[in-house]
Amino acid sequence: MKMKTALGLTLAITFMQSAMAQEAIHGHEGEQKLGMAYIAEEHNSAAQSPINILSGKATEGHHEVVLHYQPSGSHIGNLGHTVEAFYEKGSTLEFDDQQYELQQMHFHTPSEHLIDGITYPMEMHMVHTLVGNPDKYLVIGVLFREGDADSTLATIVNNVPDVAGETNDVPDISLSASDLLNFSEHYFHYEGSLTTPPYTETVTWLVMKDVHEASPEQIAKINALEGNNARHIQDISARQVDSN
Ligand SMILES: [Zn+2]
(Lines give C-alpha, C1' and ligand atoms only; values in the text may rest on other atoms or scores of the structure.)
Protein backbone atom coordinates (compact mmCIF):
# COMPACT_ATOMS: atom_id res chain seq x y z
CA MET A 1 0.00 0.00 0.00
CA LYS A 2 2.50 2.58 -1.20
CA MET A 3 -0.18 5.20 -1.74
CA LYS A 4 -1.21 5.07 1.90
CA THR A 5 2.30 5.84 3.06
CA ALA A 6 2.73 8.71 0.64
CA LEU A 7 -0.61 10.14 1.61
CA GLY A 8 0.15 9.89 5.31
CA LEU A 9 3.37 11.83 4.85
CA THR A 10 1.68 14.55 2.82
CA LEU A 11 -1.01 14.73 5.47
CA ALA A 12 1.48 15.20 8.29
CA ILE A 13 3.35 17.92 6.39
CA THR A 14 0.17 19.69 5.34
CA PHE A 15 -1.10 19.64 8.91
CA MET A 16 2.15 21.01 10.29
CA GLN A 17 2.09 23.87 7.80
CA SER A 18 -1.54 24.66 8.34
CA ALA A 19 -1.16 24.47 12.11
CA MET A 20 1.45 27.20 11.95
CA ALA A 21 -0.64 29.37 9.65
CA GLN A 22 -3.92 28.97 11.41
CA GLU A 23 -3.62 29.71 15.05
CA ALA A 24 -7.08 30.24 16.50
CA ILE A 25 -9.06 28.92 13.57
CA HIS A 26 -11.49 26.20 14.46
CA GLY A 27 -14.73 24.73 13.37
CA HIS A 28 -13.77 21.95 10.98
CA GLU A 29 -15.70 19.13 12.56
CA GLY A 30 -15.25 20.00 16.17
CA GLU A 31 -13.38 22.50 18.24
CA GLN A 32 -9.85 21.69 17.20
CA LYS A 33 -6.58 21.79 19.01
CA LEU A 34 -3.99 22.96 16.56
CA GLY A 35 -0.35 22.04 16.60
CA MET A 36 1.20 18.67 17.25
CA ALA A 37 -2.17 17.01 17.79
CA TYR A 38 -2.63 17.00 14.03
CA ILE A 39 0.23 14.56 13.62
CA ALA A 40 -1.23 12.08 16.10
CA GLU A 41 -2.93 9.89 13.52
CA GLU A 42 -3.23 6.84 15.76
CA HIS A 43 -6.11 6.51 18.16
CA ASN A 44 -6.58 3.46 20.34
CA SER A 45 -10.29 3.16 20.19
CA ALA A 46 -12.86 1.04 18.43
CA ALA A 47 -15.32 3.54 17.01
CA GLN A 48 -13.20 5.68 14.71
CA SER A 49 -13.93 7.11 11.26
CA PRO A 50 -13.67 6.93 8.31
CA ILE A 51 -14.25 3.29 7.36
CA ASN A 52 -14.44 1.14 4.27
CA ILE A 53 -18.18 0.43 3.95
CA LEU A 54 -18.85 -3.08 2.70
CA SER A 55 -22.30 -2.96 1.14
CA GLY A 56 -22.69 -6.75 1.23
CA LYS A 57 -22.22 -6.83 5.00
CA ALA A 58 -24.62 -3.97 5.82
CA THR A 59 -27.84 -4.87 7.64
CA GLU A 60 -31.22 -3.41 6.80
CA GLY A 61 -31.74 0.04 8.34
CA HIS A 62 -35.02 1.55 9.50
CA HIS A 63 -34.09 5.15 10.16
CA GLU A 64 -36.00 8.28 9.35
CA VAL A 65 -34.52 11.53 8.09
CA VAL A 66 -36.52 14.73 7.73
CA LEU A 67 -34.81 17.83 6.36
CA HIS A 68 -35.73 21.43 7.18
CA TYR A 69 -33.00 23.25 5.27
CA GLN A 70 -33.18 26.85 4.11
CA PRO A 71 -30.72 28.83 1.98
CA SER A 72 -27.87 30.70 3.66
CA GLY A 73 -25.68 33.60 2.64
CA SER A 74 -22.24 32.50 1.46
CA HIS A 75 -19.48 32.50 4.07
CA ILE A 76 -16.65 30.55 2.49
CA GLY A 77 -13.44 29.90 4.39
CA ASN A 78 -10.03 28.71 3.23
CA LEU A 79 -8.81 26.97 6.39
CA GLY A 80 -5.65 25.68 4.76
CA HIS A 81 -6.47 22.09 5.69
CA THR A 82 -9.96 22.29 4.18
CA VAL A 83 -12.38 24.48 2.24
CA GLU A 84 -15.41 25.21 4.40
CA ALA A 85 -18.80 26.91 3.98
CA PHE A 86 -20.15 28.19 7.30
CA TYR A 87 -23.93 27.91 7.32
CA GLU A 88 -26.26 30.47 8.87
CA LYS A 89 -28.48 29.31 11.73
CA GLY A 90 -31.94 27.88 11.21
CA SER A 91 -31.44 24.77 9.04
CA THR A 92 -32.27 21.57 10.87
CA LEU A 93 -32.47 17.86 10.27
CA GLU A 94 -34.38 15.24 12.24
CA PHE A 95 -32.86 11.78 12.55
CA ASP A 96 -35.03 9.27 14.40
CA ASP A 97 -36.81 12.19 16.14
CA GLN A 98 -33.57 13.83 17.30
CA GLN A 99 -33.10 17.36 16.04
CA TYR A 100 -29.75 18.54 14.66
CA GLU A 101 -28.73 21.93 13.28
CA LEU A 102 -26.55 22.33 10.17
CA GLN A 103 -23.34 24.21 11.03
CA GLN A 104 -21.00 23.93 8.07
CA MET A 105 -19.89 21.86 5.14
CA HIS A 106 -16.33 21.14 4.10
CA PHE A 107 -14.37 18.95 1.72
CA HIS A 108 -11.85 16.14 1.70
CA THR A 109 -9.73 15.25 -1.34
CA PRO A 110 -9.69 12.33 -1.92
CA SER A 111 -12.73 10.83 -0.16
CA GLU A 112 -12.35 9.63 3.44
CA HIS A 113 -15.01 6.90 3.29
CA LEU A 114 -14.58 4.06 0.85
CA ILE A 115 -17.49 2.02 -0.48
CA ASP A 116 -16.52 -1.57 -1.26
CA GLY A 117 -12.89 -0.54 -1.35
CA ILE A 118 -13.38 2.32 -3.79
CA THR A 119 -11.92 5.76 -3.08
CA TYR A 120 -13.59 8.73 -4.78
CA PRO A 121 -11.80 11.96 -5.73
CA MET A 122 -13.75 14.08 -3.22
CA GLU A 123 -16.10 13.83 -0.22
CA MET A 124 -18.23 16.62 1.24
CA HIS A 125 -19.09 16.58 4.94
CA MET A 126 -22.24 18.37 6.10
CA VAL A 127 -21.72 18.82 9.82
CA HIS A 128 -24.71 19.08 12.16
CA THR A 129 -24.80 19.32 15.95
CA LEU A 130 -27.55 18.04 18.23
CA VAL A 131 -29.82 20.85 19.39
CA GLY A 132 -29.03 21.31 23.09
CA ASN A 133 -25.77 19.30 22.94
CA PRO A 134 -23.17 20.67 20.50
CA ASP A 135 -20.75 17.84 21.39
CA LYS A 136 -22.98 15.31 19.61
CA TYR A 137 -22.69 15.33 15.82
CA LEU A 138 -24.46 14.07 12.76
CA VAL A 139 -22.34 14.26 9.61
CA ILE A 140 -23.60 13.54 6.12
CA GLY A 141 -20.90 12.34 3.74
CA VAL A 142 -21.43 12.91 0.01
CA LEU A 143 -19.02 11.31 -2.44
CA PHE A 144 -18.09 13.00 -5.72
CA ARG A 145 -16.79 11.55 -8.94
CA GLU A 146 -15.42 13.53 -11.89
CA GLY A 147 -18.08 14.58 -14.39
CA ASP A 148 -20.22 17.65 -15.02
CA ALA A 149 -19.66 20.81 -12.99
CA ASP A 150 -21.98 21.15 -9.96
CA SER A 151 -23.63 24.58 -10.10
CA THR A 152 -24.18 24.82 -6.33
CA LEU A 153 -20.63 23.74 -5.61
CA ALA A 154 -19.58 26.56 -7.96
CA THR A 155 -20.85 29.09 -5.39
CA ILE A 156 -18.28 27.70 -2.94
CA VAL A 157 -15.44 27.22 -5.42
CA ASN A 158 -15.91 30.71 -6.93
CA ASN A 159 -15.94 32.45 -3.55
CA VAL A 160 -13.22 30.68 -1.59
CA PRO A 161 -10.28 32.98 -0.75
CA ASP A 162 -6.87 32.01 -2.12
CA VAL A 163 -5.18 32.83 1.18
CA ALA A 164 -5.33 30.27 4.02
CA GLY A 165 -7.00 31.61 7.13
CA GLU A 166 -9.33 34.00 5.28
CA THR A 167 -13.12 33.86 4.95
CA ASN A 168 -15.12 35.50 2.20
CA ASP A 169 -18.52 36.70 3.46
CA VAL A 170 -20.99 37.28 0.63
CA PRO A 171 -24.35 37.45 2.39
CA ASP A 172 -26.24 38.35 -0.80
CA ILE A 173 -25.07 35.24 -2.68
CA SER A 174 -27.37 32.41 -1.67
CA LEU A 175 -26.02 28.95 -0.91
CA SER A 176 -28.50 26.06 -0.82
CA ALA A 177 -27.66 23.05 1.32
CA SER A 178 -30.71 21.28 -0.15
CA ASP A 179 -29.32 21.62 -3.66
CA LEU A 180 -25.84 20.57 -2.56
CA LEU A 181 -27.14 17.46 -0.80
CA ASN A 182 -29.92 16.55 -3.22
CA PHE A 183 -31.13 14.13 -0.54
CA SER A 184 -32.27 10.66 -1.39
CA GLU A 185 -33.48 8.02 1.06
CA HIS A 186 -30.56 5.79 0.15
CA TYR A 187 -27.64 5.93 2.54
CA PHE A 188 -25.43 3.91 4.87
CA HIS A 189 -25.53 4.67 8.59
CA TYR A 190 -23.04 3.85 11.34
CA GLU A 191 -21.72 5.35 14.58
CA GLY A 192 -18.17 6.72 14.47
CA SER A 193 -15.92 9.68 15.16
CA LEU A 194 -14.66 13.01 13.91
CA THR A 195 -11.92 12.39 11.34
CA THR A 196 -9.80 15.27 12.64
CA PRO A 197 -8.50 15.93 16.17
CA PRO A 198 -9.79 15.33 18.80
CA TYR A 199 -11.40 12.33 16.97
CA THR A 200 -14.39 12.42 19.33
CA GLU A 201 -16.56 9.30 19.04
CA THR A 202 -19.93 11.02 19.14
CA VAL A 203 -20.75 11.11 15.45
CA THR A 204 -23.75 9.61 13.71
CA TRP A 205 -22.59 9.11 10.12
CA LEU A 206 -24.86 9.04 7.07
CA VAL A 207 -22.92 8.27 3.89
CA MET A 208 -25.05 8.83 0.81
CA LYS A 209 -25.18 6.05 -1.77
CA ASP A 210 -25.77 8.46 -4.67
CA VAL A 211 -22.38 9.65 -5.92
CA HIS A 212 -22.48 13.27 -7.09
CA GLU A 213 -20.56 14.77 -9.98
CA ALA A 214 -18.19 17.72 -9.93
CA SER A 215 -15.96 18.88 -12.77
CA PRO A 216 -12.27 17.93 -12.67
CA GLU A 217 -11.52 21.68 -12.41
CA GLN A 218 -13.77 22.10 -9.33
CA ILE A 219 -12.15 19.15 -7.58
CA ALA A 220 -8.65 20.30 -8.58
CA LYS A 221 -9.28 23.82 -7.21
CA ILE A 222 -10.37 22.46 -3.83
CA ASN A 223 -7.47 19.99 -3.74
CA ALA A 224 -4.99 22.75 -4.63
CA LEU A 225 -6.13 24.75 -1.59
CA GLU A 226 -6.43 21.97 0.99
CA GLY A 227 -4.01 19.30 -0.24
CA ASN A 228 -4.61 15.61 0.40
CA ASN A 229 -6.56 15.78 3.65
CA ALA A 230 -8.25 12.39 3.95
CA ARG A 231 -7.65 10.41 7.10
CA HIS A 232 -6.79 6.72 6.63
CA ILE A 233 -9.62 4.22 7.00
CA GLN A 234 -10.09 2.85 10.50
CA ASP A 235 -10.98 -0.61 11.80
CA ILE A 236 -14.73 -1.21 11.89
CA SER A 237 -14.26 -3.56 14.90
CA ALA A 238 -17.60 -4.79 16.29
CA ARG A 239 -19.66 -2.03 14.71
CA GLN A 240 -22.52 -2.55 12.34
CA VAL A 241 -23.28 -0.51 9.21
CA ASP A 242 -26.91 -0.42 8.16
CA SER A 243 -28.23 0.26 4.70
CA ASN A 244 -31.24 2.51 4.20
ZN1 LIG B 1 -14.58 16.14 7.37
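Note that the numbering runs from 1 along the sequence shown for the chain.
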Open item on the list: So that I know where these two stand, are Tyr137 and His125 an aromatic pair - ring centroids less than 6.0 Å apart?
Closed with: no
TODO: Please report the closest heavy-atom contact between Pro110 and Ala230, naming both atoms and the distance.
DONE: O-CB, 3.4 Å
Open item on the list: Between Glu112 and Arg231 (side chain of the first, backbone of the second, donor and acceptor by atom type, cut-off under 3.5 Å), is there such a pair?
Closed with: yes
Task: Heavy-atom side-chain contact between Val160 and Asn168 under 4.5 Å - done: no
Task: Side-chain touch Asp116/Leu54, heavy atoms, less than 4.5 angstrom - done: yes
Task: Closest approach of Ser178 to Tyr69 (non-hydrogen atoms, all atoms of both residues) - done: OG-CB, 3.3 Å
Task: Any side-chain heavy-atom pair of Val157 and Ile222 under 4.5 Å - done: yes
Open item on the list: Within this structure, what is the CD-CD distance for the pair Glu185 and Glu64, rounded to the nearest 0.5 Å?
Closed with: 8.0 Å
TODO: Take Trp205 and Thr195, measure what side chain to side chain contact (heavy atoms under 4.5 Å, CB included) needs, and give me the verdict at the end.
DONE: CA-CA 11 Å; Trp205 278 98; Thr195 65; 4.0 Å; yes
- [ ] Look only at the side chain of Lys136 and the backbone of Leu130, and say whether a donor-acceptor pair between them is shorter than 3.5 Å.
- [x] no
Open item on the list: For Ser193, is there any backbone N or O sitting under 3.5 Å from a side-chain donor or acceptor partner on Gln48?
Closed with: no
Task: Side-chain donor or acceptor of Ser74 paired with backbone N/O of Ile173 under 3.5 Å - done: yes
Open item on the list: Could you check whether any side-chain heavy atom of Val142 comes within less than 4.5 Å of a side-chain heavy atom of Leu181, counting everything from C-beta outward?
Closed with: yes
Open item on the list: How close do Asn229 and Thr109 get, counting heavy atoms only, and between which atoms?
Closed with: OD1-N, 2.8 Å
Open item on the list: Between Tyr87 and Leu67, is there shared hydrophobic-cluster membership here, with clusters defined by ILVMFWY side-chain heavy atoms closer than 4.5 Å?
Closed with: yes
Open item on the list: Working to the nearest 0.5 angstrom, can you tell me the gap between Ile140 CD1 and Glu123 CD?
Closed with: 12.0 Å
TODO: Please check if the side chain of Gln234 supplies one atom and the backbone of His232 the other of a donor-acceptor pair under 3.5 Å.
DONE: yes
Open item on the list: Checking Glu88 against His75: is there a side-chain donor and acceptor pair closer than 3.5 Å?
Closed with: yes
TODO: Could you list all the side chain to side chain donor-acceptor pair (under 3.5 Å) pairs where at least one residue sits in residues 235-244, not counting sequence neighbours?
DONE: His63-Asp242, His189-Asp242, Lys209-Ser243, Asp242-Asn244
TODO: Sequence neighbours left out, what pairs pass side chain to side chain donor-acceptor pair (under 3.5 Å) with at least one residue falling in residues 138-161?
DONE: none
Task: Check: Asn78 side chain, Gly165 main-chain N or O, donor-acceptor pair, under 3.5 Å - done: no
Open item on the list: Is there a continuous path of hydrophobic side-chain contacts, each under 4.5 Å between heavy atoms, that joins Val170 to Val83?
Closed with: no
Open item on the list: Does any part of the side chain of Leu93, heavy atoms only, come nearer than 4.5 Å to the side chain of Leu102, both counted from C-beta?
Closed with: no
Task: For Leu194 against Pro198, the heavy-atom pair lying closest together - done: CD1-CD, 4.1 Å
- [ ] Report the distance from atom CG of Leu138 to atom OG1 of Thr204, rounding to the nearest 0.5 Å.
- [x] 5.5 Å
TODO: Take Thr202 and Asp135, measure what side-chain hydrogen bond (donor to acceptor under 3.5 Å, both in side chains) needs, and give me the verdict at the end.
DONE: CA-CA 7 Å; Thr202 55; Asp135 295 326; over 6 Å; no
Task: Interatomic distance, Thr119 atom OG1 to Asn52 atom CG [nearest 0.5 angstrom] - done: 8.0 Å
Open item on the list: Contact between Met208 and Asn182 at the side-chain level, heavy atoms closer than 4.5 Å - yes or no?
Closed with: no
- [ ] Specify the closest pair of heavy atoms between Ser49 and Gly192, including all atoms of both residues, with the distance to one decimal.
- [x] OG-CA, 3.4 Å
Task: Check: Ser111 main-chain N/O paired with His113 side-chain donor or acceptor under 3.5 Å - done: no
Open item on the list: Is it the case that the side chain of Tyr190 and the backbone of Ala47 share a donor-acceptor pair, with hydrogens and angles ignored and the cut-off at 3.5 Å?
Closed with: no
TODO: Please step through side chain to side chain contact (heavy atoms under 4.5 Å, CB included) for the pair Phe107 and Asn223, ending with a clear verdict.
DONE: CA-CA 9 Å; Phe107 298 86; Asn223 180 251; over 6 Å; no
Task: Asp97, CG atom: more than 12 neighbouring heavy atoms under 6.0 Å - done: no
- [ ] Please answer: with hydrophobic residues joined when any side-chain heavy atoms are less than 4.5 Å apart, are Ile236 and Ile118 in the same cluster?
- [x] yes
Open item on the list: Any heavy-atom pair between the side chains of Ser72 and Phe86 that's under 4.5 Å?
Closed with: no
Open item on the list: If you compare all heavy atoms of Ile76 against all heavy atoms of Ala85, which two are closest, and at what distance to 0.1 Å?
Closed with: CD1-CB, 3.8 Å
Open item on the list: Please tell me whether His108 and Glu226 have a donor and an acceptor in their side chains that are separated by less than 3.5 angstrom.
Closed with: no
Task: Leu114 side, atom CG; Ile233 side, atom CD1 - distance, nearest 0.5 Å - done: 5.5 Å
TODO: Check whether any side-chain heavy atom of Glu94 lies under 4.5 Å from a side-chain heavy atom of Thr92, and answer yes or no.
DONE: no
Task: ring pair (Phe, Tyr, Trp, His ring centres under 6.0 Å): pairs with one or both residues in residues 138-175, sequence neighbours excluded - done: Phe144-His212
TODO: Look only at the side chain of Tyr120 and the backbone of Val211, and say whether a donor-acceptor pair between them is shorter than 3.5 Å.
DONE: no
Open item on the list: Once you measure the plane-to-plane angle for Tyr187 and Phe183, does it fall in the parallel (<30°), tilted (30-60°) or perpendicular (>60°) bin?
Closed with: tilted
